[in-house]
Participant: 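Below you will find the structure I want to go over with you.
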Amino acid sequence: MNKEQALNTIANLMATPNNTVVVTGAGISTEAGIPDFRGPNGIYRQLGEDKVMEVININAFRRDPEAFYRFYRESFQFPQVDPSPAHLQLAEWEKRGLVRAVVTQNIDNLHQRAGSKNVIPVHGTADRFLCTKKGCGKVFDTDFVKNTPGVVPYCPECGSVIKPDVVLFGESIHNYVQAQNTVMSASLLIVIGSSLTVFPLAEFVMAYSSMFQNLVIINKGLTAADHLALVKLDPDNTGEALREIDRRIMARK
Ligand code: NAD
Ligand code: ZN
């Protein structure tokens, strides 16, 4: 299937308001200016996957919060950017009833800022920090962490270490059941910008495709589920590809 046919097929599948669910990964945010992990400029390439996993790991965080925060402050604070055209298109499709929900591995909040209402984040949010003392419940923003004098930020209320509200290696994902049910109940599942190598979200997509055939993948480069997709689109620019799909949906009316 060439690109033209792929765009037409995706538009046809989406055109009847139905129950389309979109799963997104770091690749949807690269056009907004946030690098992915596994792309050519991602930290996995720069530092090595083992090194990254060693540090952004819940056990490492507990054992040595100072090493964790030194790394976090250097490599993990995302640039302040605006949502990309792809984020905006998904929000617009939701308003028009063409997308029911977005299940995302991203922690950048860009879907919400683009106006998507039904967003299910499974890896948390990078701009929120939580006190680690059970029952304290204090929540902090990025500015608080940036402005703390030392490397490790502590809760002013109880003195405990505070932790980014993101899922580290070794922790369970957020919204597991809701994400799984949302994916499994889709009549059309569209994956955008994920290599589908991070579990369990990748597992949900695999489970979906073992039962239903309506899987679309829009991703630069290979994913682990390309062979299972009804349509695989490898776009030069995802924002433009979604706009092209939208033009075709509109033209059918
Ligand atoms: P990934 O890094 O495994 O895969 C991203 C995929 O997107 C790659 O296959 C890449 O080729 C593709 N891609 C890059 N630019 C693209 C574009 N413009 N259009 C389409 N595809 C493009 O990402 P992942 O599977 O989401 O896993 C990475 C993990 O790291 C996630 O768990 C996530 O929580 C975290 N992460 C989040 C952010 C973010 O919030 N923006 C950024 C980096 C990493
Ligand atoms: Zn506290």
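Values below: all heavy atoms of this structure, side chains included; hydrogens, waters and symmetry mates excluded. Note that ligands are numbered from 1 as they come in the structure, with each ligand's atoms numbered from 1 the same way.
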Participant: Nearest heavy atom to atom 5 (C) of ligand 1 wins, so pick from A86, G33, G193, A224.
Facilitator: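 Shortest heavy-atom distance from atom 5 (C) of ligand 1: G193.
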Participant: Please classify the A26 to ligand 1 contact at 4.0 Å (heavy-atom distances, strictly less than): side chain, backbone, both or neither.
Facilitator: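 Contact part for A26 vs ligand 1: both backbone and side chain.
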Participant: Inspect the contact between E74 and R70 and indicate whether a charged nitrogen and a carboxylate oxygen are less than 4.0 angstrom apart.
Facilitator: no
Participant: Tell me the contacting part of I107 for ligand 1: side chain, backbone, both, or neither, using a 4.0 Å heavy-atom threshold, strictly below.
Facilitator: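 The answer is both.
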Participant: Can R247 and E240 be counted as an ion pair, charged N to O under 4.0 angstrom?
Facilitator: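 No salt bridge links R247 with E240.
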Participant: Among G25, S84, S194, which one has a heavy atom closest to atom 25 (O) of ligand 1?
Facilitator: S194
Participant: Can you check whether F78 has an N/O within less than 3.5 Å of an N/O in ligand 1?
Facilitator: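 In fact, backbone or side chain, F78 has no N or O that close.
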Participant: What part of H123, side chain from CB on, backbone N/CA/C/O, both or neither, has a heavy atom under 4.0 Å from ligand 1?
Facilitator: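 Within the 4.0 Å criterion, H123 contacts ligand 1 through side-chain atoms alone.
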Participant: So what does the C131 SG - the Zn ion (ligand 2) - C158 SG angle come to, to 10°?
Facilitator: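 Vertex at the Zn ion (ligand 2): approximately 100°.
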Participant: If you measure from the Lys or Arg side-chain nitrogens to the Asp or Glu carboxylate oxygens, is any gap between R96 and D246 under 4.0 Å?
Facilitator: yes
Participant: Applying a heavy-atom cut-off of 4.0 Å, say which part of Q105 lies close to ligand 1: side chain, backbone, both or neither.
Facilitator: both
Participant: Using heavy atoms and a 4.0 Å limit, tell me yes or no: is A202 in contact with ligand 1?
Facilitator: no
Participant: I'd like to know if K3 pairs up with D236 as an ion pair, taking the criterion as any Lys NZ or Arg NE/NH1/NH2 lying under 4.0 Å from an Asp or Glu carboxylate oxygen.
Facilitator: yes
Participant: For this output row, return yes or no: ring centroids of F204 and Y176 closer than 6.0 angstrom.
Facilitator: yes
Participant: Please report, to 10°, the angle around the Zn ion (ligand 2) from atom SG (C136) across to atom SG (C155).
Facilitator: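 That angle works out to 110° after rounding to 10°.
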Participant: Where is the nearest protein heavy atom to atom 39 (C) of ligand 1: which residue, which atom, and how far?
Facilitator: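 Ranking protein heavy atoms by distance from atom 39 (C) of ligand 1, first comes D108 OD2, 3.5 Å.
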